[in-house]
K.L.:
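Before anything else, here's the structure in question.
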Amino acid sequence: QNLTVSNKPETDNWDKLYQDIRACRACSLCESRTQTVPGVGDETADWLFIGEAPGAEEDKQGEPFVGTAGKLLDNMLLATGLRRGEQVYIANVLKCRPPNNRDPLPEEVNACRPFLKRQIDLIAPKQIVALGKFAANTLLAQETTLSSLRGKVHESHGIPVIVTYHPAYLLRNLPDKAKAWEDLCLAKNTINQPR
Ligand code: URA
């Protein structure tokens, strides 16, 4: 008989979260993934960048944004005065790769949502940057265009959210890079404002 009684509320921690993500079988993506891609970076970061879902390279390496789009994201970080791993945490809405990089399905987002929430709670960032329409709509619980979300400070989990283009989109639409840089400027101004 186990007589251990604890009145302490069960608290979350990173080990437990990573363990839960690795063991997750909540949707069918667990059948096709090579491995889960939980997230990477400073676990007490001021900045949290959120993308859509791992691609082929991320699925192989177990780290978000390590392919071509990731190189551009690194440049976006540098333009903001940031470096991967220093004051920055990078995660995706989905922790597993959808086959052939198809769009995530609503049931996959719903299955994965609690992991993102736990990451946000554990990091408690000062600023979230949503990369692309998919991350933005998931975070802000709406279904709208990226252009209508850009240029404003939104809020999710009590944290300011800036919406910008997904780096993979920017690679195909280079002229929009200037607009992404404007978004990052807004994010920088927002984090520097006293709240
Ligand atoms: N695209 C994403 O949204 N996330 C990644 O990790 C890689 C590409």
Side-chain angles (χ1 to χ4, degrees), residues 17-18 21-22 24 27 29-30 32-43 45 47-80 82-86 88-113 115-120 123 125 127-147 149-150 154 156 161-174 176-177 179-180 183-184 187:
L17 175 58
Y18 288 141
I21 293 175
R22 271 198 302 273
C24 182
C27 81
L29 296 182
C30 68
S32 53
R33 72 183 178 216
T34 303
Q35 60 188 312
T36 56
V37 183
V40 71
D42 176 351
E43 291 163 355
W47 292 80
L48 172 60
F49 285 76
I50 303 178
E52 182 174 318
E57 204 49 45
E58 290 75 22
D59 174 72
K60 215 186 284 174
Q61 297 190 35
E63 182 171 330
F65 285 100
V66 286
T68 355
K71 299 247 162 26
L72 178 53
L73 177 60
D74 287 342
N75 285 336
M76 291 165 77
L77 294 178
L78 286 176
T80 319
L82 301 167
R83 264 173 207 284
R84 181 182 286 247
E86 290 175 20
V88 175
Y89 193 92
I90 304 170
N92 283 307
V93 173
L94 291 193
K95 311 307 184 204
C96 297
R97 181 192 182 205
N100 303 316
N101 302 340
R102 64 153 168 75
D103 285 348
L105 302 174
E107 59 266 32
E108 293 162 355
V109 177
N110 286 336
C112 229
R113 203 188 293 274
F115 290 142
L116 185 61
K117 159 104 176 60
R118 286 169 67 184
Q119 283 176 312
I120 294 172
I123 299 167
Q127 178 71 66
I128 295 176
V129 179
L131 300 165
K133 181 178 148 194
F134 183 83
N137 280 333
T138 304
L139 272 172
L140 304 175
Q142 49 185 288
E143 195 51 56
T144 184
T145 60
L146 188 100
S147 52
L149 295 172
R150 285 188 53 246
H154 305 270
S156 177
V161 177
I162 299 295
V163 174
T164 192
Y165 294 102
H166 191 287
Y169 165 88
L170 290 174
L171 287 172
R172 298 187 304 270
N173 299 273
L174 292 178
D176 279 338
K177 261 187 171 179
K179 293 198 222 158
D183 299 334
L184 294 170

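Both counts, for ligands and for their atoms, begin at 1 and track the order of listing. Nothing here was measured: the structure is a model prediction, and the numbers come from that model.
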K.L.:
Atom CG in Asn75, atom CG in Leu170: separation rounded to 0.5 Å?
P.N.:
11.5 Å
K.L.:
With distance as the sole test, does His154 use its side chain to make a donor-acceptor pair with the main-chain N or O of Val163 at under 3.5 Å?
P.N.:
no
K.L.:
Is there a donor-acceptor contact under 3.5 Å from the side chain of Asp59 to the main chain of Thr34?
P.N.:
yes
K.L.:
Among the heavy atoms of Glu57, does any lie under 4.0 Å from an atom of ligand 1?
P.N.:
no
K.L.:
Any idea which protein heavy atom is nearest atom 4 (N) of ligand 1, and the distance to it?
P.N.:
Asn92 OD1, 2.8 Å
K.L.:
For ligand 1, note which part of Glu52 has a heavy atom under 4.0 Å away: side chain, backbone, both or neither.
P.N.:
both
K.L.:
Taking 4.0 angstrom as the limit and counting only heavy atoms of His166, give me the atoms of ligand 1 inside it, by number and element.
P.N.:
1 (N), 2 (C), 3 (O)
K.L.:
What distance separates Asp176 CG from Tyr165 OH, expressed to the nearest 0.5 Å?
P.N.:
4.0 Å
K.L.:
Which atoms of ligand 1 are found less than 4.0 Å from any heavy atom of Gly51?
P.N.:
3 (O)
K.L.:
Measure the distance from atom 5 (C) of ligand 1 to every protein heavy atom, then report the residue, atom name and distance (to 0.1 Å) of the closest one.
P.N.:
Ala53 O, 3.4 Å
K.L.:
Is it the case that ligand 1 has an N or O less than 3.5 angstrom from some N or O of Pro54?
P.N.:
no
K.L.:
When you measure from the side chain of Asn92 to the backbone N and O of Glu52, does any donor-acceptor pair fall under 3.5 Å?
P.N.:
yes
K.L.:
Which residue, Leu77, Val88, Leu78, forms the side-chain contact (heavy atoms from CB on, under 4.5 Å) with Arg83?
P.N.:
Leu78
K.L.:
Got an N/O contact under 3.5 Å between Pro64 and ligand 1?
P.N.:
no
